[in-house]
Protein chains: 2
Amino acid sequence: MEQKIELSQEIRELANIYKAMGHPVRLYILQKLSQMNSCCYSGDLVDELPVGRSTLSQHLKELKYAGLIQGEIEPPYIKYCLNRKNWEKVKTSFHKLFKEDIAI
Amino acid sequence: MEQKIELSQEIRELANIYKAMGHPVRLYILQKLSQMNSCCYSGDLVDELPVGRSTLSQHLKELKYAGLIQGEIEPPYIKYCLNRKNWEKVKTSFHKLFKEDIAI
DNA sequence: TTTATGTTTCGCAAAATAACGAAATGATTT
DNA sequence: AAATCATTTCGTTATTTTGCGAAACATAAA
């Protein structure tokens, strides 16, 4: 009665996105960017978050890799913003996850 | 200019929830439970998912621990359903994350 | 061209996660 | 009481994640 499925590319990608969101520092950054509806600088973040510069840089890298944020060089700073295009995608898939559920 | 904050309990909890959602097997289970708007058995899942019984059990345990699902003993099976109360909480916080954004 | 500034990469150590099979548990049936 | 069935826990291994400081990289200012 083995009818093992291969987990779809779609679900694996979505899981990766949730994984990227699954750390308090990264979630804080996303929340901040989302709620301000604007951008911020690594230097600002490192002052308020309880991690060192290199660690923060790693988290930003992961968020970038997951496609959730993007960085623009604005010397001497780097300005980070949400990746709007992918952010929409996340919203859509989340909505889909709740498809048969009560509307949000 | 150090104004380090302590990440709030709220954000840490929410991050834990996303972390729990951040694995394809667990996301598949949640999606299934959400979309069917019903419940399922561990035995059904192990037949379709590409992991062993003990591994699946671990994933179910994590989802339970994160408060996303609940298991009811229905001998000789265990029936798993969404934890509706917490599920609503997840939806709310997700919505909040998108607060200043275009409505879903 | 040296110095300063903001950020990232490197190298490492500690902790957490994912996966498995074997053994244990709990409940039911023989 | 023994056998059966569904599921979980245990013990282990391999991999990934998290975090740090030191060093490297840019870029701009002196």
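Lettering of chains follows the sequences in order, A, B, ..., and the numbering in each one begins at 1. Scope of the values below: all heavy atoms of this structure, side chains included, with no hydrogens, waters or symmetry mates. The model shown is predicted, which means the values in this text are computed figures rather than measured ones.
Put simply, CD1 on I69(A) is 13 Å from P on dT7(C), counting in whole angstrom units. D47(B) has its CG atom 13 Å from the C1' atom of dT7(D), to the nearest Å. Between R26(A) atom CZ and dT16(D) atom P there is a gap of 15 Å when expressed in whole angstrom units. Distance CD (Q58(A)) to P (dT7(C)): 15 Å, rounded to an integer number of Å. In this structure, the CG atom of L56(B) is 13 Å from the P atom of dT9(D), given to the nearest Å. Atom pair Y41(A):OH and dG6(C):P shows a separation of 13 Å (rounding to whole Å applied).
In this structure, Y80(B) has its ring center at least 6.0 angstrom away from the ring center of Y41(B).
Distances from the side chain of V51(A) to the nucleotides dT8(D), dA6(D), dG19(D) place dG19(D) closest. The side chain of K64(B) lies closest to dT8(D) when the candidates are dA16(C), dA19(C), dT8(D). Nearest to the side-chain atoms of I78(B) among the listed nucleotides dT7(D), dT18(D), dT9(C) stands dT7(D). The side chain of S57(A) sits closest to dT8(C) out of dT8(D), dT8(C), dA18(C). With distances taken from any side-chain atom of T55(B) to the nucleotides dA19(C), dT7(C), dT7(D), the minimum falls on dA19(C). Taking the side chain of H23(B) as heavy atoms from C-beta on, and the options dA19(C), dT7(D), dG19(D), the nearest nucleotide is dA19(C).
With hydrogens and angles left out, the side-chain atoms of Q9(B) and E13(B) include a donor and acceptor closer than 3.5 Å.
Across all strands, S42(B) comes closer than 4.0 Å only to sugar-phosphate atoms, never to a base (heavy-atom distances). E74(A) comes within 4.0 angstrom of nothing in the nucleic acid, heavy atoms only. Backbone-only contact: K19(A) has heavy atoms under 4.0 Å from sugar-phosphate atoms and none from a base.
Annotation for K32(A): atom NZ counts as buried by contact number, over 12 foreign heavy atoms lying within 6.0 Å.
Positionally, the nearest nucleotide of DNA chain C for L60(A) lies more toward the 5' end than for the other of L60(A) and G52(B). When each of H59(A) and P76(A) is assigned the nucleotide of DNA chain D with its nearest heavy atom, H59(A) is the one assigned upstream, toward the 5' end.
Taking side-chain N and O atoms only, Y65(A) has no distance below 4.0 Å to OP1 or OP2 of dT17(D).
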